[in-house]
Amino acid sequence: MAKIILVTEKVNSTSWPLALSLKAQQHEVIFLTSFGEEAANTDGIRFMAYFKKWSFLEAIRVLPMLFSYEPQVLHIILDQAPLKGAHAVLASYAKSHPLMVLTTSLLQFERRLRTGSPTRLLLQESDIVTCPSVDSLAKLRGMNVRS
């Protein structure tokens, strides 16, 4: 059973069922999201609504708490919003730990990523990348994505 941190800006019809599914598979799930977001029933999932602006400094404040949980998987779910400073800090944290797996899910991916784009760099550093469709996956062609 793994300790998994799901990072998403909003509780939506994709992120919350994923958390419930992982919990049903006996994983320890921590749901890290925006301030003010709520879940109807946490069902044993640790729900942390800490981020207001998803800034670099907010992520720095959350990191010591994440160190104490010793997660094995950091799963960043990107909706249509661009990559923010907090996402970059959390991804760097995951990559600095050799036993932690960095997973990125792109929920709405409609255009190609330009060279030097922060989202593109995140995808290249991710151990696992998921997309909602085969078309979205085809737009990642030519990138240095390992999985």
Side-chain angles (χ1 to χ4, degrees), residues 1-23 25 27-39 45-147:
M1 302 334 129
K3 291 181 182 179
I4 302 171
I5 296 178
L6 284 176
V7 180
T8 182
E9 289 187 48
K10 298 194 180 295
V11 178
N12 58 31
S13 61
T14 303
S15 59
W16 191 245
L18 175 61
L20 293 173
S21 174
L22 291 169
K23 182 64 180 170
Q25 296 172 28
H27 295 292
E28 184 178 331
V29 180
I30 300 167
F31 199 89
L32 188 58
T33 189
S34 299
F35 184 78
E37 290 290 314
E38 296 179 9
I45 295 172
R46 187 173 300 221
F47 194 82
M48 303 168 107
Y50 290 144
F51 290 102
K52 289 184 181 178
K53 296 181 183 177
W54 288 85
S55 68
F56 180 85
L57 292 175
E58 284 180 315
I60 295 292
R61 281 188 231 131
V62 170
L63 277 181
M65 189 175 4
L66 295 180
F67 277 114
S68 67
Y69 294 126
E70 298 177 0
Q72 288 129 343
V73 177
L74 180 73
H75 189 136
I76 298 175
I77 301 173
L78 295 176
D79 217 349
Q80 57 193 355
L83 190 70
K84 300 200 173 148
H87 294 118
V89 169
L90 294 171
S92 297
Y93 162 73
K95 291 309 291 181
S96 69
H97 290 78
L99 300 177
M100 190 179 300
V101 175
L102 176 61
T103 303
T104 303
S105 293
L106 298 171
L107 297 183
Q108 293 184 1
F109 184 64
E110 298 172 1
R111 57 178 166 51
R112 294 192 182 272
L113 297 171
R114 62 176 169 54
T115 305
S117 164
T119 304
R120 183 181 181 117
L121 296 173
L122 172 66
L123 294 175
Q124 290 176 338
E125 289 300 316
S126 296
D127 298 309
I128 301 170
V129 176
T130 61
C131 294
S133 67
V134 176
D135 294 333
S136 303
L137 190 59
K139 292 178 185 174
L140 296 179
R141 279 204 170 130
M143 289 181 54
N144 187 18
V145 176
R146 294 183 293 248
S147 53

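Basis for what follows: all heavy atoms, side chains included, without hydrogens, waters or symmetry-related copies.
Rounded to the nearest 0.5 angstrom, L83 CG and L123 CG are separated by 9.0 Å. From D79, atom CG reaches atom CG of L107 across 5.0 Å, with rounding to the nearest 0.5 Å. The line from OG1 of T104 to CG of L74 is 8.0 Å long, rounded to the nearest 0.5 Å. From E38, atom CD reaches atom CH2 of W16 across 11.5 Å, with rounding to the nearest 0.5 Å. Taken to the nearest 0.5 Å, the OG atom of S15 stands 9.5 Å off from the CG atom of L20.
Scanning both residues, G36 and A49, for their nearest heavy atoms gives N-CB, 4.3 Å. Considering every non-hydrogen atom in both A86 and F51, the closest pair reads CB-CE2, 3.6 Å. Looking at every heavy atom in both residues, E9 comes nearest to S34 through O-OG, 2.6 Å.
Judged by distance alone, with hydrogens and angles left aside, the side-chain atoms of E37 form a donor-acceptor pair with the main-chain N or O of V11 at under 3.5 Å. Of the possible polar contacts, none joining the S105 side chain to the H75 backbone as a donor-acceptor pair under 3.5 Å is found. Using modelled atom types, one side-chain atom of E58 and one backbone atom of K53 make a donor-acceptor pair closer than 3.5 Å. A donor-acceptor distance shorter than 3.5 angstrom exists from the side chain of S126 to the backbone of L122, with no hydrogens or angles considered.
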Practice task
Given side-chain contact (heavy atoms from CB on, under 4.5 Å), test L22 with I45 step by step and report yes or no.
Solution key: CA-CA 10 Å; L22 291 169; I45 295 172; over 6 Å; no

Just do the side-chain contact (heavy atoms from CB on, under 4.5 Å) check on N12 and I77 with the steps written out, would you? CA-CA 11 Å; N12 58 31; I77 301 173; 5.8 Å; no

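Ring geometry, F31 versus F47: the interplanar angle falls under 30°, so the pair is classed parallel (tilted spans 30 to 60°).
With sequence neighbours excluded, the residues satisfying ring pair (Phe, Tyr, Trp, His ring centres under 6.0 Å) with F67 are Y93, H97. The ring pair (Phe, Tyr, Trp, His ring centres under 6.0 Å) search around H87 returns W54, not counting sequence neighbours. With sequence neighbours left out, Y50 forms a side chain to side chain donor-acceptor pair (under 3.5 Å) with no residue at all.
In the displayed structure, Y69 atom OH is contacted under 6.0 Å by more than 12 heavy atoms of other residues, nucleotides or ligands.
Here the side chains of K95 and D127 are in contact, with some heavy-atom distance below 4.5 Å. Under the 4.5 Å side-chain criterion, counting only non-hydrogen atoms from C-beta, L63 is in contact with L90. Counting only heavy atoms from C-beta outward, the side chains of T103 and I4 never approach each other to under 4.5 Å. For the pair V62/V89, no side-chain contact is recorded, criterion being any heavy-atom separation below 4.5 Å from C-beta on. Between M100 and P71, the closest side-chain pair of non-hydrogen atoms falls below 4.5 Å.
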